[in-house]
J.: 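First the structure, then my questions, so here it is.
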Amino acid sequence: MNEVVLEARGLTKHYRRGARAVEDVSLVLRRGRVTALVGESGSGKSTVAKLLARLVPATSGEILLRGEKPGRFREYCRSVQMIFQDPFASLNPVHRIRYTLTRPLKIHRRSETPEQLLEAVQLPADFLDRYPHELSGGQRQRVAIARALAAQPSVLLADEPVSMLDVSIRLGVLNLLRDLKERLHLAVLYITHDIASARYFADETFVMYGGQVVEGGDSETVTQHPAHPYTQLLIASAPDPDRPATSTPTPLGEPPSLGSPPDGCRFSPRCPQATPRCWTDAPPRCSLGDGHWAACWLYEEVVA
Amino acid sequence: MSVLEVRGLSVDYGTLRAVHDVDLTLERGEVLGLAGESGSGKSTLAYAMTRLLPPPGVIRSGTVRYKGFDLLSLAPEQLRTLRWNDIAIVFQGAMNALNPVASVATQLLDVFRAHRPSMPRAARLARCRELLHLVGISPDRLDSYPHQLSGGMRQRVMIAMALALEPEIVIMDEPTTALDVVMQRQILEQMMELRAALGFSVVFITHDISLLVEFSDRIAIMYSGRVVEEAPAQSLYRAARHPYATGLLGSFPALRGPRRPLRGIPGSPPDLRHVPSGCPFHPRCASAMDVCTARTPVLAPVDQHRSVACWLEHENRGAT
Amino acid sequence: MNAKTRAGLALLGFFGLIAVVGPWIAPYDPSAMGPDLLQPPSGAHWFGTTMTGQDVFSQVLVGTRGVLVVGLVAGVLATVLSIVIGVSAGFLGGAADELLSALSNIFLVVPALPLIIIVASFLPDSGDLLIAVVISLTAWAWGARVLRAQTLSLRNRDYVLAARATGERTWRLIVFEVLPNLTAVIASGFVGTVIFAVLLEITLSFIGVASISNWNWGTVLFWAQSNQALSQGAWWWFVPAGLCIAFLGTALALVNFGIDEYANPRLRSAGRGKVGFTPVERS
Amino acid sequence: MRFLLRRTVFYLVTAWAAITVNFLLPRLLPGDPVQAMITRFQGRLSGDAVQSLYVLFGLDQNTSVLEQYLSYWGNLLTGDLGLSFTFFPTPVSEVLGQSMPWTLGLMGVTTVISFGLGTVIGVYAGWRRGTWVDALVPVTTFFSAIPYFWLGLIAIAVFAVNWQVFPAAGGYPAGMEPGFSGEFAGAVLYHAVLPAVTIVVSSVAGWILGMRNMMVTVSAEDYVLVAHAKGLSQRRVMISYAARNAILPSVSGFALSLGFVVGGTLLVEMVFSYPGIGYVLFQGVNAKDYPLMQGVFLVVTLAVLVANLLADVGYLLLDPRTRREAW
């Protein structure tokens, strides 16, 4: 039922100025399931989204749409659509909502009307004649979702769709995305820096650090039993109202500079359990049982 | 014993009323959390206290009592000497809060040049090195420029600058929103250690209420320019009374414990251009009553430590 | 639309009107000699007369059309050039961007006046339109530079990426997504270029490089200067034309100011009070 | 330092472009005015003078364009810009050599004064916005719209003709023998006042407006609010936080608008018959003296390029971000 619709194998992106933004990322998106990509800013998660949307050319690695190499960009974007982070920048301030929604319908020769699209994202039809600046952040993000649905895609790439919205309306948008996923049988890639929302919204979660995926598995396991030291640090740092303020101080250290990554494990400079080996050789993926894996020498004996 | 008392403060931005006669008290050595979303007026309130609101902001009413005198009626020169000496601010956008064309040293020394004219230069430089060390930055960064620092380092320089004159009160306006969660925790923990050591009071402004529950002693929640509930952090977290407060607390997916479906709050955040009648939250409130659309509730004490502005709490809710 | 823009537009409208009706309402033929030589302003000759008895008021009236025609034609040509070069440099990036922005910077740095003087004096008869074309060839650089910067910043805005992600073609992205957001910049660039062209054209006529057969304010000053109007105290010969230039320039500048304030809200007058010291008005 | 290197390369390319344009102009444009000139001065022209004019204006058809281009550069490097017809038989380079110092003196001084004055007034006008100072804006807009030469005419009419306070024309009294005496220097200054004031008054307005707008935009930045919050004195905030950042675009704007300012200055020289490059150009235009005109264009362009380089160095000193690479 959840057949693979989009697959990335060994995706890599190096920018001219030497920044190695994404390094050998492989992941699979299945219909009707949400896959989360969690990481700090600069971890390369947004670049992965742009690579999958083919808005940015990959340095190496391949993308398979329903198992084959994708054809012309216009056919490709009929099945893969993207939603952007900043609701204030993702809609052209000069066009009314009507224009923004009818364009994709015309390009992909869909029969739906803009009114139906707005209805699908729980917005009244009279929004069509409004300009983006007359809408709130949440409403704009819903229009962006409606625009993505216009092409009737099978994959939806959501790059931090709610991180710039007010907290109280974030869940409204996330729940909308979940209903659409179930109703339209979409495969959703959910990119976020907030691991708690990944646990709430996604079926599987991948954690990225310094351009590489360091841990993966179903969301509940990864968030409740984190294996990779970085995932543990991420969860320990997340705000937790139940914990008294004076808890163990977390290690100091700066996020990695992608310009000159250390050889070996990129997290080694900040890792409390780093061994000499971590400094020199890149850790392999070690399987920890039913799909849960971590790229870390601590689990060396169970190399996948 | 309170160190700062705000009474009946109202602020206009052009024709829009951004803050509606707010009462707030900051106790000595306390961390007061100020939570609210866009349009809640939390930053406007903080900047109005030291008359730092950019045009077209105008303070319409209220007093801000600090050490016996009203900050709002001080002469410009008096207020200038009081700024940073007594009340310092850690700004949000560290990217733009530091002067891009001046070195870290210059911007730190500026504070001493303005407030400690008699202090010899050597002592000033030593103090700058000490401050950087205090916030975990190596002193040789003194002659770097802001564009040569990472986001985390820039925010720590802001904190060092704020603590330069050992102020009584430090206002933190979304200090870590622009940073990653790991850096955020390091900086906030460092801030709390400094507070414990130096004993200043903190006004901590943020939209992330789960952070406030963890780091502040008391929390005031603002909505559409008014304080809707004020209570000790843990008791607010355990049992919030105002519907907006409960809704807000319920909008944070839990990282630990059982996974329960959440709804957040329907509708959209307040738009200052057309504020609803009566209680501004009534359009989004599940338990809104007739009186809520008619009259605006007043913030009144509900018990010894908590006050709420909601008709559900007050006995005369029957009177329409 | 604030007071400044309205005043600018009113003044501009006034000059536009004169440019259209000038030749018909002019009391005399500007080139016709007359009996009363070098008379100060009088009932018969509102702006007085020249050495050879020509009516200065008619010269200024008829001259308005020449000034505005060349100014507008050069403005339009230069703006079109700056859009094509600036937007394509900003949008294409890479080598094309390097080449085009180097080209516009060269035209910006090289002083325009001496170059045009040489080109104009080479051309046998430099009529209004030819002068307009020559001016526009050096007037596009500033607009191109500003447009390139704006296009660069708009190009990677989310809504352009999003439009591309829905499958829009590149030319539609430029025309329908980027250009509509550039209208304010293009408008203020156009007005700026018209000011530049008007001043340049009048200068060329004043030096006598542009052909003096058709009248414009520069030619009035040319004849005033070459007939020692100054030393004979004939102030009325050169003052009115100069004032017209200044007022036209001011009108255009005011309109430009209005456009800038529309594009950059910070410039709008933010009312009373200084930054850093919020006014307290407790009733 | 990469910034300066890149700028120098750009200026060399621009210089090359200007020289090439100068080379191509006579060959591309219709009409052949130079040949007429040569025939008119047939008898009094020496062999190699004619040859250098042939090279400059590509008249000898038998050599290919490339050879002409190379020999054109050959002449250029030896400083041979051909003969001037207006000041026959003195070579163009000599004419320019005499008039260049006057222009550099006048333009250099006035540009620095008007930039400095404009910036200071602009800073103050931007900082005191919302007060009476705002009335300054329409006035300066009016002044910036006045053509340089017309203001010169007015200045002469008022100060030289009516009140006879200042001389109406020339760089120094006709009878005086130029030399390095105090008296001569005094006379030069006395003659330079009116043209200088004219240039400053008509060019300062542009700087004031530009700086004021930048000050208004910068005053709304976060770091200015932080400076106020730090309790620094108004003066300190205005100067080392607001003005210090607002001046950056003004300096880069300064470099780019030099070409325009030069045009204006040349005109003032014409009106005042001030013995600089502008007046020489004016005479050359009337006499269709192409070698002289092209010589003026080259020299003025090279001077502007050097000035631009200086402005870039100034920008480098003011903006640390261009000096040291980011973190």
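Labels below follow one simple rule: chain letters A, B, ... track the order of the sequence lines, proteins then strands, and each chain is numbered from 1. The structure presented is a predicted model; accordingly, all values stated were derived computationally and were not measured.
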J.: Check whether any side-chain heavy atom of Val101(B) lies under 4.5 Å from a side-chain heavy atom of Leu248(D), and answer yes or no.
T.: yes
J.: If the condition is salt bridge (Lys or Arg N to Asp or Glu O under 4.0 Å), which residues does Arg236(D) pass it with, not counting sequence neighbours?
T.: Asp110(B)
J.: Please classify the contact between Arg113(B) and chain D as side chain, backbone, both or neither, with a heavy-atom cut-off of under 4.5 Å.
T.: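 The side chain, not the backbone.
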J.: For a side chain to side chain contact (heavy atoms under 4.5 Å, CB included) check, start with the C-alpha distance between His228(D) and Arg83(B), then their side-chain angles and the critical distance, and finish with the verdict.
T.: CA-CA 8 Å; His228(D) 282 296; Arg83(B) 278 180 179 167; 4.1 Å; yes
J.: Where along residues 238-246 of chain D does a heavy atom come under 4.5 Å of chain B, listed by residue number?
T.: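 From residues 238-246 of chain D, the residues near chain B are Ser240(D), Tyr241(D), Arg244(D), Asn245(D).
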J.: Using side-chain contact (heavy atoms from CB on, under 4.5 Å) as the criterion, list what pairs up with Ser216(B), not counting sequence neighbours.
T.: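 For Ser216(B), the residues satisfying side-chain contact (heavy atoms from CB on, under 4.5 Å) (neighbours in sequence not counted) are Val31(B), Leu212(B), Ile219(B), Ala233(B).
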J.: Check whether Lys230(D) reaches the backbone of Ala114(B) with its side chain - one donor and one acceptor, N or O, closer than 3.5 Å.
T.: no
J.: Hey, is CZ on Phe143(D) packed in by over 12 heavy atoms from elsewhere, all under 6.0 Å?
T.: no
J.: One pair to check against side chain to side chain contact (heavy atoms under 4.5 Å, CB included): Trp84(B) and Leu232(D). What are the steps and the verdict?
T.: CA-CA 9 Å; Trp84(B) 222 256; Leu232(D) 307 181; over 6 Å; no
J.: What verdict does the side chain to side chain contact (heavy atoms under 4.5 Å, CB included) test give for Tyr223(D) and Leu98(B), after you've listed the backbone C-alpha separation in whole Å, the side-chain angles of each residue and the deciding distance to 0.1 Å?
T.: CA-CA 5 Å; Tyr223(D) 49 82; Leu98(B) 294 176; 5.9 Å; no
J.: Quick one: what part of Glu77(B) sits under 4.5 Å from any heavy atom of chain D, side chain, backbone, both or neither?
T.: neither
J.: Can you run down the ring-ring contact (aromatic ring centres under 6.0 Å, His included) pairs that involve residues 102-123 of chain D, sequence neighbours left out, and say none if there aren't any?
T.: Trp102(D)-Tyr172(D), Trp102(D)-Tyr274(D), Phe115(D)-Trp207(D), Phe115(D)-Phe254(D)
J.: Rounded at 0.5 Å granularity, tell me how far CG in Asn99(B) sits from CG in Asp222(D).
T.: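 Separation between the atoms: 12.0 Å.
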